[in-house]
Amino acid sequence: IVDFNATTMFKYGNSWFYIKNGSVSFNTNTLVNYGGSWLHIKGGVWVKDTALVSYNGKWLFVKNGKVDFTYSGKVIGNGIYYTIKNGVKI
């Protein structure tokens with residue numbers, strides 16, 4: 001049975017997919033709150049990368065595919081150093 005109202009994550013094989021309204025949302029490229037963590041979703045798939053990701057007007061530090069709100073320090077992106085405090089670029 002398919003729940004066409006479901007918004008969740010679904011594991012298939014070695015990948016996790018973002019489900020919105022009962023189907024994989026391949027056009028989703030954002031951060032998604034799931035299970036108490038903010039996950040980096042690209043093309044509907046959870047990507048376990050390390051990056052700065054724009055979300056609601058802020059840049060958040062993602063490590064292994066999850067926003068790391070415990071990290072404070074410097075990161076480099078495109079040859080530029082950025083200061084991160086509690087997972088947010090300042």
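Owing to the predicted nature of the structure, the values given are computational and were not obtained by experimental measurement.
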S.K.: Atom OH in Tyr71, atom CD1 in Ile84: separation rounded to 0.5 Å?
M.R.: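 Nearest 0.5 Å value for the OH-CD1 distance: 7.5 Å.
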
S.K.: What heavy-atom pair brings Leu60 and Tyr55 nearest, and what distance separates the two atoms?
M.R.: CD1-CB, 4.1 Å

S.K.: Rounded to the nearest 0.5 Å, what separates atom NZ in Lys85 from atom OG in Ser72?
M.R.: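 Rounded to the nearest 0.5 Å, the NZ-OG separation comes to 7.0 Å.
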
S.K.: Hey, are Asn27 and Ser25 close enough side-chain-wise for a donor-acceptor pair under 3.5 Å?
M.R.: yes

S.K.: Could you check whether Lys20 and Thr28, counting side-chain N and O atoms only, form a donor-acceptor pair closer than 3.5 Å?
M.R.: no

S.K.: Evaluate the ring planes of Trp16 and Trp46, with Trp represented by its six-membered ring, and classify them as parallel (under 30°), tilted (30 to 60°) or perpendicular (over 60°).
M.R.: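 Correct class here is perpendicular.
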
S.K.: Apply the side chain to side chain contact (heavy atoms under 4.5 Å, CB included) test between Phe61 and each candidate in Val67, Val75, Asn86, Thr70; give the one that qualifies.
M.R.: Val75

S.K.: Say you draw a straight line from CG of Leu52 to CD1 of Ile76; how long is it, rounded to the nearest 0.5 Å?
M.R.: 11.0 Å

S.K.: Are any non-hydrogen side-chain atoms of Tyr12 and Phe17 less than 4.5 angstrom apart?
M.R.: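 The answer is yes; the side chains approach within 4.5 Å.
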
S.K.: Between Leu31 and His40, what is the shortest heavy-atom contact and its length?
M.R.: CD2-CA, 3.7 Å

S.K.: Is Ile41 reachable from Phe26 through a run of hydrophobic residues whose side-chain heavy atoms are each under 4.5 Å from the next?
M.R.: no

S.K.: How far apart are the closest heavy atoms of Asp49 and Lys42, and which atoms are they?
M.R.: OD2-NZ, 4.1 Å

S.K.: Drop me the distance from Asn64's CG to Leu39's CG, to the nearest 0.5 angstrom.
M.R.: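 Those atoms lie 12.0 Å apart.
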
S.K.: Nearest 0.5 Å please: distance from the CD1 atom of Ile19 over to the CG atom of Asp3.
M.R.: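 If I round to the nearest 0.5 Å, the distance is 11.0 Å.
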
S.K.: Would you say Val88 and Trp59 make side-chain contact, with heavy atoms under 4.5 Å?
M.R.: no

S.K.: Between Asn29, Thr7, Val45, which is the residue that forms a side chain to side chain contact (heavy atoms under 4.5 Å, CB included) with Tyr18?
M.R.: Thr7

S.K.: Check whether any side-chain heavy atom of Lys74 lies under 4.5 Å from a side-chain heavy atom of Thr83, and answer yes or no.
M.R.: yes

